[in-house]
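Just so you know, ligand 1 is whichever comes first in the structure, and atom 1 is the first atom listed for that ligand.
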Amino acid sequence: MRIILIGPPGAGKGTQCQRLVEHLQIPHLSTGEMLRAAVKHKTPEGVLAERFMNEGQLVPDSIIVGMVTKRLESPDCRTGCLLDGFPRTRPQAETLDDLLERRAMSVDGVIELAVPRDELVRRMLARKRADDDPEIFSRRIASFEAQTTPLLDYYSRQGKLACIDGLGSADAIFARVKQAVRRFKWSSQGN
Ligand code: AMP
């Protein structure tokens, strides 16, 4: 199965992704993690991406698309994967659809983890990361909302979007995630 998990910064995507890849036994493709590793190892992509990441801006598609394409072509991604952090914009979603179509593959379903903005801020204040400066965090949420709304619309029109409530315990949220995945399986079997 090829699944995309979308959620604003601080929505608890990391926890749900971890559980979902274990549950489905598929690789986890997180562009944020790939980029942080590239920055750490000072690869050419990392050197280019760092400035955008530090400013809470999206890294140019030329960098992201190359990284994701390479990863999607690895043998462990043949039967499926969980995409986290990509696509983030409608053009990225269209690029992904093209990429998959050329390989006779497709996205099975998209899960949106919905969390209200005040709850995101509360959670951000309770954790620590280099890019968790409150001003940068607000910019990341605003950028997420602006870029992601057309993306959600794109998948909703394809009948692939499951919007789930991101409030509650990790267990309760994961039960909703699994329910969404069962629906994707059911529709991809043509029922
Ligand atoms: P994340 O861990 O997904 O929040 O990503 C951390 C940072 O990496 C983001 O704030 C962006 O600067 C960059 N990034 C991750 N994924 C993408 C993407 N699909 N497109 C552009 N920039 C991205």
Would you call E55 and R139 a salt bridge, taking side-chain N to carboxylate O under 4.0 Å as the test? no

Taking only heavy atoms of T31, which atoms of ligand 1 are found under 4.0 Å from at least one of them? 15 (C), 16 (N), 17 (C), 19 (N)

Salt bridge between D108 and R183, side-chain N to carboxylate O under 4.0 Å? no

In ligand 1, the atoms that come under 4.0 Å of a heavy atom of Q57 are 11 (C), 12 (O)

What part of L35, side chain, backbone, both or neither, has a heavy atom within less than 4.0 angstrom of ligand 1? side chain

Would you say G85 and ligand 1 have an N/O pair spaced under 3.5 Å apart? yes

One thing to verify: whether E119 and R122 come together as a salt bridge, which I'm taking to mean a side-chain N less than 4.0 angstrom from a carboxylate O. yes

Could you check whether S143 and R140, counting side-chain N and O atoms only, form a donor-acceptor pair closer than 3.5 Å? no

Ligand-side contact atoms (ligand 1) for residue partner F86, heavy atom cut-off under 4.0 Å: 19 (N)

Counting heavy atoms only, which part of L58 comes closer than 4.0 Å to ligand 1: side chain, backbone, both or neither? both

What atoms of ligand 1 come within less than 4.0 Å of a heavy atom belonging to R36? 2 (O), 6 (C)

For Q92, the atoms of ligand 1 under 4.0 Å from one of its heavy atoms are 18 (C), 19 (N), 20 (N), 21 (C)

Can D153 and R157 be counted as an ion pair, charged N to O under 4.0 angstrom? yes

Heavy-atom nearest pair, G85 first then R88, reads O-NH1, 2.8 Å

Using heavy-atom distances only, which candidate in E33, R88, E50 approaches atom 1 (P) of ligand 1 most closely? R88

Using distance alone, decide if ligand 1 has a nitrogen or oxygen within less than 3.5 Å of any nitrogen or oxygen in P87. no

Check ligand 1 against R140 and write out every atom of the ligand that is under 4.0 Å from a heavy-atom position of the residue. 4 (O), 10 (O)

Please confirm whether the backbone N or O of S106 pairs with a side-chain atom of E101, one donor and one acceptor, at under 3.5 Å? no

Is a donor on one side and an acceptor on the other found under 3.5 Å between the side chain of S74 and the backbone of C77? no

